[in-house]
Amino acid sequence: MKKNKQSGMTFIVKTITNLIIGFMMVFGAYIVLYGHITPGGGFPGGVMIALAYILITLAYGRKVVESMVSGIAGSIADDFGALVILVLGLIGLWIGGTFLFNFLPKGTPFSLFSAGNIILYNLAITVKVGMSLYIVFLALAILQRVVTEDETQEVRK
Amino acid sequence: MTLYFLDFVLLIIGLYALVVKRHIVKKILGVAIMEYAVNLFLILLGFRKSGIAPILTKDMDINTFIHTAVDPLPQALVLTSIVIGLGTLALMVAMAIRLYERYGTFDMEEINRLRG
Amino acid sequence: MTALLPLFTAIPVFSAILILLIGKFDKKNFPRIWSVLTSLSLLVILAVIWGKGTIVHEMGGWKPPFGVVLVSDHLSRLMLLIVNAVAFLVTIYSYVYMKKYEDYLRFFTLFLFMLAGMNGVVLTGDLFNLYVFLEIASIASYALVGYGVDAEELEASFKYLVLGVLASIFILFGIGMIYSVTGSVNMADIARFLTANNIADNKAVLMAVGLFILGFGLKGGLVPFHAWLPDAHSSAPAPISAMLSGVLIKALGIYPLIRIFYNVIDMTPVISTIFIVIGCISMIVGALMGSGQIDIKRLFAFHSVSQMGYVIVGIGLGTPLGIIGALFHLLNHSIFKSLLFLSSGAIENRTGTRNMKELGGLREYMPVTSGSAIVGSLSISGIPPFNGFWSKLIIILAAFQAKNMWAAAALVLTAFLTLMCFLKFLRHAIFGEASERVKGAKEASFAMVFSLVIFAVLCLLVGIFNGWVISNIIVPAQSVITNKLGYISSVLGI
C-alpha cells in the first residue's frame, strides 16, 4: 500500500484498513464459492469485494485506488462478466433447448463441486457486480472533485 | 398482524419524506425507506412462527424442512428487488449531483423551470 | 421454435455489452451500425415465429408453476411487432440525429437495454419477471430522458424518475398481495387459482387491483398520474421521445393492464367503470391542456395522454368491438405519434427552435418533413383515409353499442379538440409566412427522411388496407384476450 501522507484520512483509519482488507476479500470469496450450499452467492460476494475497494478509496484517496485498478480496467472487467453470463445462458439454449439450462454434471449434494453451472454463474455475477459498484463509486468521486474545484465554470463530464 | 401494521407505518414514513421534504437528498432517503418497507412486506408474507431458516443441511430430513422452514420464494424475490433498488438509488444520487451543478441549489421548490 | 423466444431479450443485451466493449476502440461507427443490425435481426426472428399459434418456452427446463415461462400468443406478437418495428426505424433515424450529442456509445447501449426490457415485458408469463423487465426498461429510459445534461432535461428526468420509482414500488406491493392469496407468481397459475376458488370479493385481491391500476396507470401516463409525461417527453432527445411516446407507455403501461385484467384477474363491472372514467378524464384533460401549448413537443406529449385515454376507454368497455378498436388504436398511435415526434426532431435540428410562433412556412424550405408532419396531424385528428379515422370510429361505435352515451360524447368531443389543436399546429408551423429562422433551413438528412417517409407511408397503407390489418393482426389478439381458459390451458398444459 502506498502511504500518501497528504490525501485520505488519518493514520488510525489507514492502519485499520490495512488489517481488514485481506479479511474482507477472503470472506467475500468464501460467500461466492459456497453460494450454492449456504446463503449468499454472486451478489453479496460481489458487494463485499466492491466494498473492500471503496474502503481503500475512502481511507487513501482516489489516486491510490486508481493505480491499483483503473477505471478502464474495471469497465472492461464489468463487460466481460456480463458477457460470460449471457454466453453461458446461450450455451444452455444450444445444448438443452431452454435458456439458462444447467448443462454441467451435478455431482453429489452438499459438496463444493455440485449443482452444475451455478458456481460459474456466481463467479461471473461477482465480477460484474463488484466492478459495477466500483466504477459507479469512482465516477461519483470524480464528479465530486470537479464540482468543488470549478465552482464558476460549467463542466461537461 | 402488528408486524404488517408497523411495516405499513414504515411505508407511510417514506412517503411523507418523499412528498413533504424539500431537500433532494431527503427525498432520495424517502424512496430508500419505501423500498425497505416493500421488501420487508414480501419477506413477512413467508413468515412462520418459530420457523427455521430455509437452508437444507446434510443431516436434515426433508419432512422436517417442509413443516418448519419459512417460505423461501419471497426471499428470492426480495434479493432481486434489492439489486434493482440499488441501481435506481445510484442513478438518483448521480442525478442529484448533476442537478446541483446546474441549478446551484438542492431545494426542489426552486427547480421548476418547466411549468404549464 | 420455442428456442427463439429468449432471443428477443438475449440479442439486444448481447449487442449492448458488445457495443460497450468494442465501442471503446471505435466510438463513431460500430455502435450505430451494430444497433441497426440488431433491430433488423429482431424483426427477422419475429417474421419467423409469426402465425404459429401459442408458443410456450420454459426457462432452464423447469415446468410452470415452478419456473419462469415465456409465452408468445397473438397479443404478444402484436406488441412485439409494434415495439421492434418502431425501434428499427428510430435506430435508422438516430444514425444521423445523435451527431449533435457526440456520444453514440452510451446512447445506443441504453437504447438496446430499453428495447430488451420492453421485449421481455410483452413476452413473459410470470408476474415477478414482468416487474424485473419493467424495471430494466424504466431505468434505461430514466437515463435516456436526461441525456443531454442541460438544466431542464435533468429536472424533467428527475421528476420522471421519482414518479416512476413510486409506481414500481406500488406494483411490487400489488404482486406481494396477489402472492399472499394464491401462493404463486405465475400468471396462468394465479388465473387457475382465482377461477377455481371464485374469490372475487377477497380484500387482498381488491387491494392488489387498486395498486396495479395506480402503478401501471402511472407508467402509461393516465390522468391523474400524468404529471411526468409532458416534461419527460418534451425534454428528451427526439428519437427517445418517439420511443417513449410511441412504445414505452404502451408496452409498460397499457399491455400489463390488458394482460392482468383480462387473463389473470376477472374484469368485473366496477373495474370496467373505473377504466371508462379514467379514460374519459384522460382524453379531455389531455386535449384541453394540449391546446394551450406553444412548444410543439409539449403539445404532442399532452396529446399522447389524450390518445391513451381512447385506448383505456376501449379496454374498459369490454365488448369485442371495443377491444378491437383499442388494439387497433394502439397500433395506429405508435405509428403516427412516432412520426410526429421524429418530424419535430428534424425541425428542431435544422431551425434550432421548438416554439410554434417562431416557425412558419416550413412547407417551402423542408418539403418532405412538412409533408410527413401533415400526414401525422391528419392521422391523429381522425381524417379519412388515414389510419386514425378507422380506429377512432370503431371505438365510438363500440361505445354506442354498449349504450354508454357519456363515453361516446367524450370521445366525439375529444376528436374535435384534437382536430382543432393540430390545425393550429399546421397553421403556425407548416403553412403561413416564413420566419427568419426558417429561411436558412435545408431539408433533413437522408437517414432521418427515410424513417419519416416509411412512417408516413405506413399511416396511409394501414388506413387504406384497414380491413386486412384488422382481420389478420387485431382480431386474433382480441380472441386471445377474451379467452382466459385458453391461456391457462396452453401455458399449464392442462
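Please read these numbers as outputs of a predicted model, since none were measured by experiment. Note on naming: letters A, B, ... go to the chains in the order of the sequence lines (proteins, then strands), and numbering restarts at 1 for each one.
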Enquirer: Working to the nearest 0.5 angstrom, can you tell me the gap between C:Tyr131 OH and B:Ser81 OG?
Expert: 4.5 Å
Enquirer: Let me know if C:Val132 has heavy atoms under 4.5 Å from chain B in its side chain, its backbone, both or neither.
Expert: both
Enquirer: Given that the side chain runs from C-beta out, which part of C:Phe173 has a heavy atom under 4.5 Å from chain B: side chain, backbone, both or neither?
Expert: both
Enquirer: Atom CZ in B:Arg98, atom CG in C:Leu154: separation rounded to 0.5 Å?
Expert: 7.5 Å
Enquirer: Among C:Val185, C:Ile136, C:Leu161, which has the most heavy-atom pairs under 4.5 Å with chain B?
Expert: C:Leu161
Enquirer: For B:Tyr103, look at atom OH and say whether over 12 heavy atoms of other residues, nucleotides or ligands are found less than 6.0 Å away.
Expert: yes
Enquirer: Please determine whether side chain to side chain contact (heavy atoms under 4.5 Å, CB included) holds for the pair C:Leu172 and B:Asn39, giving the CA-CA distance in whole Å, both sets of side-chain angles, and the decisive distance to 0.1 Å.
Expert: CA-CA 9 Å; C:Leu172 192 57; B:Asn39 292 338; 4.3 Å; yes
Enquirer: CZ of C:Phe66: more than 12 outside heavy atoms within 6.0 angstrom?
Expert: no
Enquirer: State whether the number of non-hydrogen atoms from other residues, nucleotides or ligands found under 6.0 Å of B:Tyr16 atom OH is greater than 12.
Expert: no
Enquirer: If you round to the nearest 0.5 Å, how far is CD1 of C:Ile175 from CG of B:Leu77?
Expert: 8.5 Å
Enquirer: Does any backbone or side-chain atom of C:Phe158 lie under 4.5 Å from a heavy atom of chain B? Answer side chain, backbone, both or neither.
Expert: both
Enquirer: Below 4.5 Å, heavy atoms only, C-beta onward: do C:Tyr179 and B:Leu73 meet side chain to side chain?
Expert: yes
Enquirer: Among B:Val83, B:Thr88, B:Thr80, which residue meets the side chain to side chain contact (heavy atoms under 4.5 Å, CB included) test with C:Glu135?
Expert: B:Thr88
Enquirer: Which bit of C:Ser157 comes within less than 4.5 Å of chain B, counting heavy atoms only: side chain, backbone, both or neither?
Expert: both
Enquirer: Flag the one option from B:Leu42, B:Ile84, B:Val31 with the top tally of heavy-atom pairs under 4.5 Å to chain C.
Expert: B:Ile84
Enquirer: Is chain C contacted by the side chain of B:Leu45, its backbone, both, or neither, given a heavy-atom distance below 4.5 Å?
Expert: side chain
Enquirer: Mind checking whether C:Val165 and B:Glu35 have side chains closer than 4.5 Å, heavy atoms only?
Expert: yes
Enquirer: What residue in B:Lys27, B:Met92, B:Met108 has the most heavy-atom pairs under 4.5 Å with chain C?
Expert: B:Met92
